[in-house]
Structures are given as structure tokens and as C-alpha cells.
Amino acid sequence: MTITVDAIRRCLEGVIPSTIATCAPDGTPNISYVSQVHYVDSSHVALTFQFFNKTHSNVLANPRATVIAIDPLSAARFELDLEYLRTETEGPLFESMKAKLAGIASHSGMAGVFRLLGSDVYRVRAVTPLAGQQLPLPTPRRNLLASLRACSQVFERCTDLGALLEALLAELEAKFEIRHSMVLMLDGAGGRLYTVASRGYRDSGVGSEIAVSCGVIGVCAQQKTPIRIMHTTAEYSYGRAIRESAERAGMGGLETAIPLPGIADSRSQLAAPIISAGRVLGVLYVESPEDLRFSYDDEDALVALAAQLGVALRAMQETEDMHDSPGPPARRGAPSGGAQVVVRHFAADDSIFIGDDYLIKGVAGAILRKLLVDHAREGRTEFTNRELRLDPHIRLPDLTDNLEARLILLHRRLAERSGALMLEKTGRGRFRLCVNRPVQLVEVPRS
Amino acid sequence: MSLAASAGALLDESAAAFLHRPGISITAAASDGRNVARIGRCLGCRVAADRTRVTVFIASVQYQTFFDALDASRRIAVVFSYPSTHQTMQLKGSEAEVGSLAPGDHEIIARHVDDFVDELGRLGYARDVVRAYHWCETAEVRAVTFMPAAAFEQTPGPGAGAPLRRTA
């Protein structure tokens with residue numbers, strides 16, 4: 001029976017360092033510890049190339065190599081017979097290994113020393129189990145394939161995006177015991193991601209933003225690849241430094257008033273890209289205060305769910321566009337009572353303040369301004385996604401921008417921050433603005 | 001590490017002490033004559049009093065491909081690494097010989113495994129897994145002896161791979 005690499009992936013988590021043996025052209029053997037043997041697919045692995053060492057020069061001249069990998073739970077050992085193919089110095093595989101290595105380095109006191117120069121990709125010629133004592137494996141608490149199947153059912157029953165995201169994150173907790181999760185959508189033009197749903201945080205953080213390329217989430221979106229870190233490292237954490245570096249890199253206007261949700265003691269992190277038709281739409285992100293919390297199997301499950309989410313997002317958008325007939329005729333909403341609320345709109349960045357409290361800026365801010373202007377001018381409360389899409393003042397970054405996600409963002413921010421204004425979905429591609437108190441819209445022009 | 005060697009020996013006293021350091025991790029490779037290297041996990045080592053020869057202990061039932069390779073070429077490389085500091089040294093030699101354990105070797109092996117389990121246990125590894133990983137039927141352990149002809153610094157960092165000393 002031939003064993004494929006995916007059957008022994010647990011040995012490749014880097015928990016117990018592997019060893020690699022190579023041979024110089026003159027027959028001199030070389031043996032070295034390797035920080036990471038990374039699973040690429042069922043017949044390929046990639047090893048970290050960190051220093052210009054004998055292993056690297058040997059395989060360039062003689063591609064055959066042998067690795068011994070150890071199962072961190074059972075102590076089972078496997079000999080991998082490898083053939084070196086190439087070294088990648090950028091791209092998804094490289095970035096994924098770089099992030100993982102940063103975690104390993106930080107955990108083993110080698111931060112700043114372990115630095116990835118390249119990912120050495122090898123074909124796996126054979127995987128051979130070695131004789132020896134093995135410990136019985138603990139009974140797994142659940143079957144992750146069954147969990148994945150159960151989670152997938154949310155896509156069958158949810159028809160609107162807000163409910164779908166909420167149900168998905170709830171199911172991640174119920175079926176995978178993943179208690180801290182969020183979904184971020186890509187703002188295509190701005191090179192940033194904004195949080196549209198979250199679960200397991202004191203503050204939802206909906207509306208918070210990060211720059212693409214920053215941290216686990218940003219690199220995941222930029223490289224269209226899952227990023228999984230088993231010992232979180234400062235290099236990939238979302239502290240002030242990462243924001244400042246984003247600002248320096250020209251990411252001005254990044255949302256900073258709303259803090260990104262996150263657990264203070266995050267130890268394991270996993271980000272899966274939400275992709276549809278080759279484009280990244282967003283990122284599904286989970287984290288845990290435990291080291292080594294997310295396995296290759298968790299990564300597979302999250303990637304599968306993110307892929308389904310990508311298909312669902314696209315389908316919902318197409319359905320919305322098909323049903324974008326004009327909404328109900330404009331009618332004057334019921335007069336609202338109570339004290340007047342002053343809503344200020346700043347033209348410079350479309351930011352909105354309700355009273356003295358910051359609400360939102362950017363596209364979502366421009367949407368709310370349009371709703372309030374139409375409400376004040378015509379008494380309208382019923383709106384359609386289509387008119388927002390066509391409104392030149394809203395400046396959607398591009399035609400494929402997920403308007404529904406922007407509306408969810410605005411809906412959540414209003415629900416969290418204001419009792420005076422609410423959004424209600426009234427059908428496919430339609431929604432209602434509920435004005436519960438008299439509103440005065442103050443326009444603050446660009447200075 | 002200082003490797004000012006005594007006459008005739010590649011290893012100086014501090015290097016020999018490093019190879020014997022409790023908790024050290026030891027792994028060997030042998031080339032098989034067709035330029036493929038095979039790995040054998042070591043269960044301890046013994047450095048001769050004059051430091052000219054190093055013996056490592058390897059379980060033949062688990063690492064048969066290593067012994068087959070060694071039979072073919074007799075060329076060996078052994079890496080010694082101290083887990084909590086990552087301090088690492090590699091020795092290389094030829095004309096390696098495989099023999100039986102000498103009196104006292106069983107005790108060296110038992111102590112090596114205990115020390116290694118303790119060292120990794122301190123670093124947070126599961127002790128039962130580390131012990132299982134070093135399990136062997138002692139009757140199947142062979143002593144592999146070689147004369148170090150070259151030593152290389154392999155501690156991770158820019159200096160990794162630098163030769164410490166070669167015999168002429």
C-alpha cells in the first residue's frame with residue numbers, strides 16, 4: 001500500500017522538528033534539522049530554506065533527499081524519499097511558509113534568526129513507515145468532515161448575506177468549537193479589507209479595516225492562499241505597529257476609529273481566502289488562545305467553507321441584480337417623534353457622525369448620506385440596491401463591489417451605535433430606512 | 001564553540017563535552033553509494049578518551065536503510081543539537097564501523113534517553129511521545145564508530161555551515 005503525504009500531515013505540523021539528509025556529488029552525506037516540512041499536496045512537500053547551507057547546495061547538485069518526520073501524538077516515524085524540484089522566493093506557498101515560520105521562530109526563541117529565503121519544493125517519491133513503538137491516538141472529540149457537512153447546510157437555508165454570515169460563524173462555534181471568528185470583505189479599490197461580521201468578541205468591530213498585505217488576514221487576501229499560524233508572532237499580529245506601517249506604505253484613510261476585533265491572547269490564527277471566479281472577495285478568519293489549535297484538517301474545512309461562501313456571494317449578487325426592479329413607490333414615512341438628532345456628513349471622506357459619535361466613513365457613509373438626503377427631500381424610506389449602484393455620489397469602488405456587504409456593514413453599525421436610524425431588508429435588493437427620531441443632516445464641505 | 005584541538009584529535013575538550021551534554025539531540029546520515037543519504041536516529045554517543053573516535057548508538061530494526069547505506073559507503077555525518085539553545089554541530093567521517101555495544105553502553109543509552117525526555121519535557125513536549133520516539137529493543141542497538149574528519153558549526157544563523165576544522 002502506498003502512503004500519500006496527506007495521510008501523514010500531522011507529522012508535518014512542525015511540532016517535532018524533522019531531519020533531512022542529503023548527499024554531495026562526491027558522496028559526502030549531510031544531515032540537518034529543518035524547521036518546517038510544509039505539506040503542499042498529496043505528492044509534494046516544501047522545506048524552509050533559511051540559510052545558504054549544505055543542504056541547499058547539495059540538492060541543487062544532487063536532488064535526492066531523505067526526511068524523517070514524526071507524528072507528534074503517536075510518535076510514529078516516517079521516512080520520506082524526496083526529489084528536489086525548485087525554490088520559490090515569492091507567492092502563495094512562500095508567504096504561507098513565511099508566516100508559519102515566523103510563528104515557529106517566535107515560539108522557539110529564534111525570532112529574527114529564522115528568516116525564510118525560499119521554499120524548497122520537493123516531489124515525494126515514497127513515504128515509508130519506520131518500525132517502532134507507537135502510542136495509542138486519543139479519540140478525536142469530533143469528526144471534522146461531519147462538522148464541515150453540517151456547516152455547509154447554512155448555505156442551503158440562508159438566502160440573504162447578513163443571515164448567512166451570522167449563521168456560518170455560529171455553526172463554526174457549534175460544530176468546530178471555533179469561538180472567535182470574523183469575515184472581512186475586500187474593498188477592491190482601496191486595497192483594504194473591512195470587517196462585515198464577527199463572533200466571539202466583546203465589540204463586533206464591524207466596520208474596522210486592515211490593509212491588504214498586513215498580518216495573517218492581509219497576506220491571505222493578497223496571496224489568495226490560506227495562512228495558518230500555530231504560535232502567534234508579533235510580526236503578524238494586529239497591533240498599532242502594523243497599522244502604522246500600513247499608513248507609512250501609503251494606506252492613508254484606513255479606518256482607525258473602529259478597532260479591529262481580536263482576542264488579546266491570540267495564539268493560533270487561520271485565514272482562508274473567499275474567492276469567486278478567480279477574484280478575492282474577502283477573508284474568513286478564526287483565532288484561538290491555544291497554541292497549535294488549528295490543524296491541516298481545520299484549514300481544509302475553512303478553505304472549503306470560504307469557497308462555498310465565495311460561490312454564495314456571487315450567486316446572491318447576481319440574484320439581487322436580476323431582482324433589481326424599482327422598489328415600491330416613494331412614500332412619506334411616518335413622522336418620527338422624540339428629540340432631534342444631528343447627523344453630520346463630512347464630504348472629505350464621507351464620514352458620518354450621529355450627534356458627537358463617529359459612525360462610519362467611505363462607501364457606507366456615502367450610502368447613508370444619500371438615504372438621508374432623499375428622505376429629507378422626498379420623504380422616501382424605501383430604497384433599492386440598484387439605485388445605490390447607479391448613484392454617482394456613492395462612488396462604489398468598482399462594479400463588482402459587494403454592495404450587500406456594505407449595507408450589512410451600515411446596518412450593523414447603525415444597530416450598534418444609534419437607535420435613531422435603522423436599516424431593514426424588505427426583499428431581494430430592497431431595504432427600508434427607519435427614521436425613529438427627527439433627523440437634521442448637516443453637510444460639512446471639504447475644507 | 002572553541003575547537004582548539006589537542007594533538008591528533010579534531011575535537012577539543014569543550015566539543016567533546018558538548019557531544020556528551022545531557023539532553024543533546026543526535027541524528028546520523030549515511031550515503032548509500034548511489035548518492036542518496038539515509039537517516040538513523042541516535043540513542044546517545046561515546047567519545048573516545050583521546051577524542052579521535054566517536055561512537056553513536058542506533059537501533060538497527062528501525063533504521064535498516066541507514067545501516068544498508070553505511071554498509072555500502074561507510075561515510076557518515078552526525079548532527080548534535082541542544083534543543084533549548086539550538087546550538088548545533090555536525091561531524092563527518094568515513095570508514096565508519098558497525099559493532100556491538102561495549103560494557104557500559106546500555107547505561108549511556110538509558111541515561112541519554114532519560115535526559116532527552118527531560119530536556120524536551122522542559123520545553124513543553126509530551127514526555128511519553130518523546131520516550132516512545134526513542135523506544136528500542138536494546139538487543140537491536142548497534143554501535144557505529146567513526147573518526148571525525150570535519151566539524152561544522154550548524155547553529156541556525158548566518159554562521160551556519162562554516163567549517164570548524166578539518167583534518168589534513
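Below, chain A is the first sequence line, B the second, and so on; all start at residue 1.
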Examine whether an atom of [X] lies under 4.5 Å from a heavy atom of chain A, and if so say whether it belongs to the side chain, the backbone or both; otherwise answer neither.
| X | answer |
| --- | --- |
| B:L120 | neither |
| B:V78 | backbone |
| B:T65 | side chain |
| B:A30 | backbone |
| B:A28 | backbone |
| B:T27 | both |

Legend entry - Distance (rounded to the nearest 0.5 Å) between A:L130 CG and B:Q62 CD: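 One gets 7.5 Å once the value is rounded to the nearest 0.5 Å.
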
Legend entry - Nearest-0.5 Å distance that lies between atom CZ in B:R34 and atom SG in A:C23: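 That separation rounds to 11.0 Å.
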
Options [options], ranked by heavy-atom pairs under 4.5 Å with chain B, top entry:
| options | answer |
| --- | --- |
| A:T128, A:D71, A:N58, A:D81 | A:D81 |
| A:A76, A:P72, A:A65 | A:P72 |
| A:N62, A:V67, A:T28, A:T55 | A:T28 |

Legend entry - Nearest heavy atoms of A:P29 and B:A37, plus distance in Å: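 So the two residues come closest at CB-CB, 4.4 Å.
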
Legend entry - A:E79 vs B:R38, side-chain contact (heavy atoms from CB on, under 4.5 Å): CA-CA, chis, key distance, verdict: CA-CA 9 Å; A:E79 184 186 71; B:R38 298 293 177 184; 3.4 Å; yes

Between [X] and chain B, which part of the residue has a heavy atom less than 4.5 Å away: side chain, backbone, both or neither?
| X | value |
| --- | --- |
| A:A24 | backbone |
| A:N30 | both |
| A:Q134 | neither |
| A:T22 | backbone |
| A:I16 | both |

Inset, instruction - Would you indicate whether B:Q64, at its atom CD, is surrounded by more than 12 heavy atoms from other residues, nucleotides or ligands within a distance under 6.0 Å? - result: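 Enclosed.
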
Inset, instruction - Sort out for me which residue in B:I39, B:I26, B:L91 forms a side-chain contact (heavy atoms from CB on, under 4.5 Å) with A:I31. - result: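 Going through the options one by one, the only one that passes is B:I39.
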
Legend entry - Worked verdict on A:L73 versus B:V129 for side-chain contact (heavy atoms from CB on, under 4.5 Å): CA-CA 7 Å; A:L73 295 181; B:V129 174; 5.8 Å; no

Inset, instruction - Go through the steps to decide whether B:R41 and A:I68 satisfy the test side-chain contact (heavy atoms from CB on, under 4.5 Å), and finish with yes or no. - result: CA-CA 9 Å; B:R41 176 77 188 170; A:I68 287 189; over 6 Å; no

Inset, instruction - Using distance alone, with no hydrogens and no angle criterion, decide if A:S32 and B:Q90 have a side-chain donor and acceptor under 3.5 Å apart. - result: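 On atom types as modelled, these side chains do not qualify, holding no pair under 3.5 Å.
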
Inset, instruction - Using the side-chain contact (heavy atoms from CB on, under 4.5 Å) rule, take A:R77 and B:Y133 through it: C-alpha gap first, then chi angles, then the decisive distance, then the call. - result: CA-CA 8 Å; A:R77 281 137 285 191; B:Y133 168 39; 3.5 Å; yes

